[in-house]
Asker: 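Below are the structure tokens for one structure; questions will follow.
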Amino acid sequence: GENVEQHPSTLSVQEGDSAVIKCTYSDSASNYFPWYKQELGKGPQLIIDIRSNVGEKKDQRIAVTLNKTAKHFSLHITETQPEDSAVYFCAASTGGFKTIFGAGTRLFVKA
Amino acid sequence: NAGVTQTPKFRILKIGQSMTLQCTQDMNHNYMYWYRQDPGMGLKLIYYSVGAGITDKGEVPNGYNVSRSTTEDFPLRLELAAPSQTSVYFCASSHGTGGSSNQPQHFGDGTRLSIL
């Protein structure tokens, strides 16, 4: 069935360094790829998304890249700050009502 | 503008009890969803609704029921609680048109449910 694999499961970086989280999806019909950030005790919040007709999207310190041929997409956070510490989820959707989520990456940013 | 509001935030149930998890949104979104989140796992879709009076099963619907009598409210019902239903439950909503839900989902802060 459809699957989204996310790596790594845990990532620890020094403040100011970059962090990269990678996801692979299985359904080639997927055309919408959101990224969510979940802080402790809260629900996931959208931080950036990308659609299949775009290869890269950037919003300040956050960028997402998409390789449809390889069915890979990645989240890049530059100049990390302690408040970036959270769990990040990637997801893929084909446009129906089903969004497949990755298992999450717990990011620690050390001050 | 409160977004998506879930109640209660925490609940402990005994096996076999029933309860309703409440969810309401004030963004006039037509699509609403219920997910469960187990430790170390992503979100699994339980049920979804594309509008008032219309609901459908997601990946893991067994043991749950939903209703959607208004655009704002989408309650989730557990009839006979089982230990396997211990989880964190998230309600979400999104704007959708033309049968497509490729829009960001807005999540509530979750209900943490333990069944003992």
Side-chain angles (χ1 to χ4, degrees), chain A residues 1-11 21 23-27 29-54 57 59 62 64 66 73 86-106, chain B residues 2-6 9-10 21 23 25 27 29-51 54-61 66 68 74 88-112:
Chain A
E2 301 102 330
N3 187 43
V4 172
E5 292 192 1
Q6 184 172 346
H7 299 281
S9 56
T10 306
L11 179 59
I21 302 170
C23 290
T24 304
Y25 61 97
S26 60
D27 191 341
S30 298
N31 55 17
Y32 176 61
F33 306 91
W35 285 88
Y36 292 89
K37 175 183 181 183
Q38 185 178 25
E39 296 178 337
L40 194 63
K42 298 289 186 182
Q45 276 198 307
L46 181 82
I47 55 171
I48 195 167
D49 56 8
I50 191 168
R51 300 183 189 275
S52 58
N53 58 346
V54 175
K57 185 176 178 180
D59 182 3
I62 294 172
V64 58
L66 172 65
F73 59 116
V87 178
Y88 292 81
F89 291 96
C90 63
S93 172
T94 61
F97 304 107
K98 190 174 180 181
T99 298
I100 306 297
F101 288 83
T105 295
R106 188 172 295 276
Chain B
V4 178
T5 303
Q6 291 185 240
K9 293 189 185 303
F10 304 94
L21 282 67
C23 174
Q25 53 95 5
M27 296 171 283
H29 285 164
N30 44 348
Y31 296 171
M32 295 188 75
Y33 316 82
W34 273 105
Y35 293 92
R36 60 177 288 171
Q37 183 179 38
D38 299 314
M41 308 286 285
L43 296 157
K44 299 292 185 186
L45 183 65
I46 304 171
Y47 270 94
Y48 67 92
S49 169
V50 302
I54 307 169
T55 63
D56 209 345
K57 297 177 180 178
E59 295 174 81
V60 290
V66 293
R68 183 99 182 269
F74 190 40
V88 182
Y89 292 84
F90 288 100
C91 179
S93 70
S94 68
H95 184 64
T97 57
S100 171
S101 67
N102 275 355
Q103 296 295 328
Q105 294 185 24
H106 298 255
F107 287 84
D109 284 338
T111 293
R112 283 146 188 82

Asker: Which heavy-atom pair separates A/Phe89 from B/Met41 by the least distance, and what is that distance?
Answerer: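 For A/Phe89 and B/Met41, the tightest heavy-atom pair comes out as CE2-O, 4.0 Å.
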
Asker: Check each atom of A/Thr94 against the heavy atoms of chain B and say whether the ones under 4.5 Å are side chain, backbone, both or neither.
Answerer: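 Contact with chain B involves the backbone of A/Thr94 alone.
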
Asker: Chain B: which of A/Pro34, A/Ala91, A/Gly41 shares the most heavy-atom pairs with it under 4.5 Å?
Answerer: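 Greatest number of close heavy-atom pairs with chain B: A/Gly41.
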
Asker: Looking only at non-hydrogen atoms, find the nearest pair between A/Lys42 and B/Arg112 and report the distance.
Answerer: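 Here A/Lys42 and B/Arg112 meet closest at N-NH2, 4.1 Å.
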
Asker: With a 4.5 angstrom heavy-atom cut-off, could you sort out which part of A/Gln6 is near chain B: side chain, backbone, both or neither?
Answerer: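 Contact with chain B is absent: no heavy atom of A/Gln6 under 4.5 Å.
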
Asker: So which part of B/Gln37 gets closer than 4.5 Å to some heavy atom of chain A, the side chain, the backbone, both or neither?
Answerer: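 The side chain, not the backbone.
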
Asker: Does any heavy atom of chain B fall under 4.5 Å from the side chain of A/Pro44, the backbone, both, or neither of them?
Answerer: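 For A/Pro44, the contact with chain B is made by backbone and side chain together.
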
Asker: Using side-chain contact (heavy atoms from CB on, under 4.5 Å), reason through B/Tyr35 and A/Thr99 one step at a time and then give a plain yes or no.
Answerer: CA-CA 11 Å; B/Tyr35 293 92; A/Thr99 298; 4.3 Å; yes

Asker: Does A/Tyr36 reach the main-chain N or O of B/Gln105 with its side chain, forming a donor-acceptor pair under 3.5 Å?
Answerer: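 Flag set: sc A/Tyr36 to bb B/Gln105 pair under 3.5 Å.
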
Asker: What are the two closest heavy atoms between B/Asp109 and A/Gly43, and how far apart are they?
Answerer: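 Taking B/Asp109 first and A/Gly43 second, the nearest heavy atoms are OD1-N, 3.2 Å.
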
Asker: Heavy-atom distance under 4.5 Å to chain A: side chain of B/Val50, backbone, both or neither?
Answerer: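 Side chain only.
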
Asker: At a 4.5 Å cut-off on heavy atoms, which part of A/Arg106 comes close to chain B: side chain, backbone, both, or neither?
Answerer: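 Contact with chain B involves no heavy atom of A/Arg106 at all.
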
Asker: Could you look at B/Leu45 and say if it's the side chain, the backbone, both or neither that has a heavy atom under 4.5 Å from chain A?
Answerer: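 For B/Leu45, the side chain is the part near chain A, not the backbone.
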
Asker: Atom CD1 in A/Ile100, atom CD in B/Glu59: separation rounded to 0.5 Å?
Answerer: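 Between atom CD1 of A/Ile100 and atom CD of B/Glu59 there are 4.5 Å.
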
Asker: Might you confirm whether atom CG of A/Leu40 has over 12 heavy atoms from other residues, nucleotides or ligands at distances under 6.0 Å?
Answerer: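 Incorrect, the count does not exceed 12.
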
Asker: Mark yes when over 12 heavy atoms from residues, nucleotides or ligands other than A/Gln45 sit less than 6.0 Å from its CD; otherwise mark no.
Answerer: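 Not buried by this count: 12 neighbours or fewer within 6.0 Å.
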
